[in-house]
Amino acid sequence: MSLSDIYDILFNGKKIVISQAEHDKVEECYVFLEEFKKDKVIYGINTGFGPMAQYRVSDEHLQQLQYNIIRSHSAGAGEPMPLIAVKAAMISRYMTFMQCRSGVHPMVVDQIVAYINNDIIPYVPQHGSVGASGDLVQLAHIAYTLIGEGKVNYKGEWRPTADVLKEVGLKPMAIHGRDGLSVVNGTAMMTGLGLVNLIYAKRIAEWILVMSVMTNEIAGSYDDFMMPEINSVRRQDGQQIAAKIMRDIAAGSNMMSSRQDELYSGTDKTLFKKKVQPYYSLRCVPQVMGPVLEVLENAERVLINEVNSADDNPIVDPESKNIYHGGNFHGDYISFEMDKLKVAVTKMTMLAERQANYLFHDKINEIEYNGKNLPPFVNLGVLGLNYGMQACQFTATSTTAESQTLSNPMYVHSIPNNNDNQDIVSMGTNSALIAKHVVDNAYQVAAVHMMSICQAIDCLGCYNDMSPMSKRVYDEVRAIFPTFKDDTEKYTDIANVENYLRKKEIGLL
């Protein structure tokens, strides 16, 4: 699966269809395991789990063993995971089983696909995974509903799983072989949440580039900072991509200034009111956003590789006729990428906050357009009586500060547990959860910045000279956030603009 395939399932209602050939391969792997395991000691099939692997389990209890790991590990705590992240986790687990290296019964695949296609979302608490023997606790909560127990979200309501299965014509999944261990033993939860984080991080990156262009338009910046001649001589791919996207967004604008026309044409001025070089938050956008885009690109590569991998243990290999014990469930790949992603998103948040501050601060921007100056806090009302976007800046600044603190790494916070069997762990799901919080913060700050941009355009009356793309964005935002002069509550506007930014597909990356 590609990221676009996953996006279509999560956001566009695309259904998963398993071909007969694919189904047969899953069954072949299961049959091989059933034959191979005879007269052998294999972890998780006829032994206990984790440090309990030293204990052999008698044949008459083998099926109960698989139910036991599901029920005992359904031990999470805290608020439920976002529904879309749980659905993404089920997609990830499905794809692991389709590698045909897990030895699961085909019924497992059928049940997960039925849940995905019918939007039956298991209850999964946020806390519980150390991300080393996979996401044991969170995936156990998914498995708990696959066997007909616990609760699921169906059509917007939490209901007993058994009732929902009966309503849609499904039966609880029966356990065979090592099915219980296979469902819980992998990186699917951190991967699923990571995929959702990535989708929203890429979208906010697009918006930051759009808002950066609009801010530079309002400032009347010289356009050479995004030209190919300056960016191409620095051999960093992300910077050149960012500059190219900005040029495309700015195409057709009459707001940007030409250095050749204003400064390279023999002027005799000795003092320049307009800044010869803008502040870094305007001028250095390609250099700031370049590494961000590269981080997002690498995160996509790692996450998609993980989705298309067998990430459980042991690995059942019908081709070599053997079973291999190792640690493909270890979540370091995802944990590290989520730490990098949250740092990149925080940097974008900081950029948006600084650009908004530039528009708010009349003493530093000194923006003038056709005889109009940009008032403090893009205030269209009466200065002193009205306050414009002043209080909204508090929200943007405090939220940015929170993201800066949250950007400390989780990847290096390993705590041994499980009788020290898990003596070095990834904390991958924790990393993904914190990254989600940082991504959410970015949209809130971006919403405030977008509101400030629209107010600035109205303050200056420069709409007609903006680029065609900037005009379209302005029109769409103004449809949900009207121009204001009088002081009114802004929390509803912030939420509405945030929702617009989250849902609007731009297609720049």
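In this chain, residues are counted from 1 in sequence order. Just so you know, these numbers use all the heavy atoms, side chains as well, and skip hydrogens, waters and symmetry mates.
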What's the shortest heavy-atom distance between [X] and [Y], and which atoms?
X: Ser4; Y: Ser2; answer: OG-OG, 2.9 Å
X: Arg71; Y: Glu149; answer: NH2-OE2, 2.6 Å
X: Asp179; Y: Gln66; answer: N-OE1, 3.7 Å
X: Gln240; Y: Asn231; answer: CG-O, 3.5 Å
X: Asn418; Y: Pro51; answer: OD1-CD, 3.0 Å
X: Ala85; Y: Val196; answer: CA-CG2, 4.1 Å

Look at the side chain of [X] and the backbone N and O of [Y], then say whether any donor-acceptor pair between them is shorter than 3.5 Å.
X: His61; Y: Val57; answer: no
X: Thr145; Y: Ile142; answer: yes
X: Lys342; Y: Leu406; answer: yes
X: Asp135; Y: Met189; answer: yes
X: Asn430; Y: Met427; answer: no
X: Glu22; Y: Ser19; answer: yes
X: Tyr279; Y: Cys284; answer: no
X: Ser335; Y: Asp332; answer: no
X: Ser309; Y: Asp311; answer: no
X: Trp207; Y: Leu501; answer: yes

*Do the rings of Phe11 and Tyr200 sit parallel, tilted or perpendicular, given the 30° and 60° boundaries?*
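Answer is perpendicular, since the angle exceeds 60°.
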Spatial distance of atom [atom1] ([X]) from atom [atom2] ([Y]) [nearest 0.5 Å]:
X: Met450; Y: Ile208; atom1: CE; atom2: CD1; value: 9.0 Å
X: Tyr280; Y: Arg354; atom1: OH; atom2: CZ; value: 15.0 Å
X: Met90; Y: Leu146; atom1: CE; atom2: CG; value: 8.0 Å
X: Ser92; Y: Met1; atom1: OG; atom2: CE; value: 10.0 Å

Donor-acceptor side-chain pairing of [X] and [Y] below 3.5 angstrom:
X: His73; Y: Asn68; value: no
X: Asp440; Y: Gln444; value: no
X: Tyr358; Y: Glu353; value: no
X: Asp339; Y: Ser431; value: yes
X: Ser407; Y: Thr346; value: yes
X: Thr187; Y: His330; value: no
X: His437; Y: Glu402; value: yes

_Audit row: Asn441, Thr399, side chain to side chain donor-acceptor pair (under 3.5 Å) steps and yes/no_ = CA-CA 6 Å; Asn441 284 355; Thr399 306; 5.5 Å; no
*Does the distance from a Lys or Arg side-chain N to an Asp or Glu carboxylate O, for Lys340 and Glu294, drop under 4.0 Å?*
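The answer is no: the pair does not qualify as a salt bridge.
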*Go through the steps to decide whether Asn185 and Ser133 satisfy the test side chain to side chain donor-acceptor pair (under 3.5 Å), and finish with yes or no.*
CA-CA 6 Å; Asn185 194 208; Ser133 196; 3.2 Å; yes
*asked:* My understanding is that only one of Leu195, Leu341, Asn298, Asn197 makes a side-chain contact (heavy atoms from CB on, under 4.5 Å) with Leu303; could you say which?
replied: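 That would be Leu195; it is the only one of Leu195, Leu341, Asn298, Asn197 passing the side-chain contact (heavy atoms from CB on, under 4.5 Å) with Leu303.
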Is it true that atom [atom1] of [X] has more than 12 heavy atoms of other residues, nucleotides or ligands lying nearer than 6.0 Å?
X: Lys155; atom1: NZ; value: no
X: Lys40; atom1: NZ; value: yes
X: Ile424; atom1: CD1; value: no
X: Tyr154; atom1: OH; value: yes
X: Glu297; atom1: CD; value: no
X: Lys244; atom1: NZ; value: no

*Stepwise side chain to side chain donor-acceptor pair (under 3.5 Å) check, Tyr500 with Glu476*: CA-CA 9 Å; Tyr500 162 78; Glu476 291 174 2; 2.5 Å; yes
_Taking the side chain as everything from C-beta on, heavy atoms only, tell me whether Tyr144 gets closer than 4.5 Å to Tyr123._
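When only atoms from C-beta onward are counted, Tyr123 and Tyr144 do not touch, as no gap falls below 4.5 Å.
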*Evaluate the criterion side chain to side chain donor-acceptor pair (under 3.5 Å) for residue pair Asn408 and His413; output intermediate values, then yes/no.*
CA-CA 10 Å; Asn408 288 305; His413 284 278; over 6 Å; no
